[in-house]
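Single-structure report; data block below.
The figures here come from the full heavy-atom set of this structure, side chains too, leaving out hydrogens, waters and symmetry mates. Every chain is numbered from 1 and lettered A, B, ... according to where its sequence line falls, protein lines coming before strand lines.
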There are 2 protein chains.
Amino acid sequence: MTVTSARAPRRRDALSRQRIVEAAIELLDADGESGLTVRALTSRLSTGRGAIYHHVAGVDDLLAAAADDVIRAATERTADGTDPTTAIRDLSLAIFDALDAHPWVGTQLAREPLQPAVLRIWKSIAVQLQGLGIDGSARSDAGAALASYIFGSAAQFAAGARRSSDEAKRQNYLDALASAWTERDDDQVVRDAASHLRDHDDRKQFMAGIDIFLKGIT
Amino acid sequence: MTVTSARAPRRRDALSRQRIVEAAIELLDADGESGLTVRALTSRLSTGRGAIYHHVAGVDDLLAAAADDVIRAATERTADGTDPTTAIRDLSLAIFDALDAHPWVGTQLAREPLQPAVLRIWKSIAVQLQGLGIDGSARSDAGAALASYIFGSAAQFAAGARRSSDEAKRQNYLDALASAWTERDDDQVVRDAASHLRDHDDRKQFMAGIDIFLKGIT
DNA sequence: CTCGCGTTGGACCGATGGTCCAATCTGACG
DNA sequence: CGTCAGATTGGACCATCGGTCCAACGCGAG
């Protein structure tokens, strides 16, 4: 038997799925994936756990919804009217920047193909490929390839961005990565790759990949 | 105060990092990522938690080591002597098959660029690109692109393979995915993609992507 | 005014990863 | 052959997590 004395008064500003998703994004941006816990949410929204589960299926659902929010914002920015190739490059850049600002999205995208954020990216790409006159299974192959490339890059860059709040830390991270690699395998090829790692630019490299792809489908 | 009565006798067959990694792979293959818990390991190896932490830094370390084990086996199979293009295709296929057999590796690869398995893949690609006469930053761009594509595909296909122990389940999954997509966004482009989803072949699609990249590189 | 039902708060449960330390064994050395 | 220090092992312990459950609450329809 539990004696509940003086229960806290009911909140006046109604909870909603959207409010919860926004709070989740703030938590994720602040502390990364591990920062999103139902407990942290209850504290930030000053409510109880039941209230949250009433609006949201669980943590996985919430992560997917948060990622979708970010990706929606990124893909909506794309201007139409431009030619498909530039549109694809713009779209890719917009996604890259969104992932750079919210590193946890990268990891999340690579985890579950059923989620809305993935569909959103898929569709934006497919529309442009259609504009390029690519159809049938060629379109689905090209779309899948481009999407996979974006997801893979996302996950890799995310790990870097997570650690690079400022430029000095970023350099430290790249140096550590480079020496970890050469230390583990001191091959000429590895040393070569490591040396390029030190002064490489994620954004440029990402776009170089997009261009390779675009060249491959035309 | 703890009264320890009749402690279990010490094991005769020594524990080792390798033995633990092997047990971890078995657990992962059987129950997926969530199946790998320190407790499950202690039970399977009939030991205590301390013994495991003595050989292994933690669950993350173990996951990375397990993935490296699988990737090592896959990349070692690659025959040399063939021309770089076929070598890249062979290598990609070997990795794909390994991921198909151990779906959890796909998710793991997309999570952390410092891990040995990633370096291994990177290096195998870089060696072949060198053979193609690609050097300098072009090589690092191409290598990064190809590796990212592989990681992204890995994660996406992994989610499918996880659910497709047999062909019927696999079809169910694809159907569910297709209708989830069209239900959420009934656009012509989406319907089109969904229809190709139903009878698509992961392996073929993956190789189609590799070929697009190869074409873009040369 | 009242009363049903959509909300809400929080106690509770089982499980996890990691730490810690005492008990145990092994092999080197006297 | 004895002994003892260091490597190895077992498991109690802790904080924390996701998810379930239910009693209390109050808004709005009647």
For A/G50 and A/S34, take the nucleotide of DNA chain D holding the closest heavy atom to each; which residue's nucleotide lies nearer the 5' end?
-> A/S34
Whole-Å distance separating the CD atom of A/E33 from the P atom of D/dC17 = 15 Å
Any A/W104 side-chain heavy atom under 4.5 Å of A/V70 side chain | yes
Nearest-angstrom distance from the residue atom CG of A/L63 to P of D/dG18 | 10 Å
Nearest nucleotide by nearest heavy atom, which residue falls closer to the 5' end of DNA chain C, A/H55 or A/R39?
-> A/H55
Do B/R139 and A/D192 sit within salt-bridge range, that is, some charged N less than 4.0 Å from a carboxylate O?
-> yes
Report the distance from atom CD1 of A/I52 to atom P of D/dT20, rounded to the nearest whole Å.
-> 14 Å
Check the distance between C/dT8's P and A/R49's CZ and give it to me in whole angstrom.
-> 16 Å
Can you find a side-chain donor-acceptor pair between B/Q130 and A/Q188 that sits under 3.5 Å?
-> no
Nearest-Å distance for atom pair CG/P, residues B/L45 and D/dG11 = 13 Å
Could you tell me whether A/G58 contacts a base, only the sugar-phosphate backbone, or nothing, with contacts defined as non-hydrogen atoms closer than 4.0 Å?
-> sugar-phosphate
Is any side-chain N or O of A/H54 closer than 4.0 Å to OP1 or OP2 of C/dT7?
-> yes
d(CG, B/L41; C1', C/dG17) in whole Å | 12 Å
Are B/F213 and B/Y149 an aromatic pair by the rule of ring centers under 6.0 Å?
-> yes
With a 4.0 Å cut-off on heavy atoms, is B/L36 in touch with a base, just the backbone sugar-phosphate, or nothing at all?
-> sugar-phosphate
Where the side chain of A/Y53 is concerned, which of D/dG19, D/dC13, D/dT9 is the nearest nucleotide?
-> D/dG19
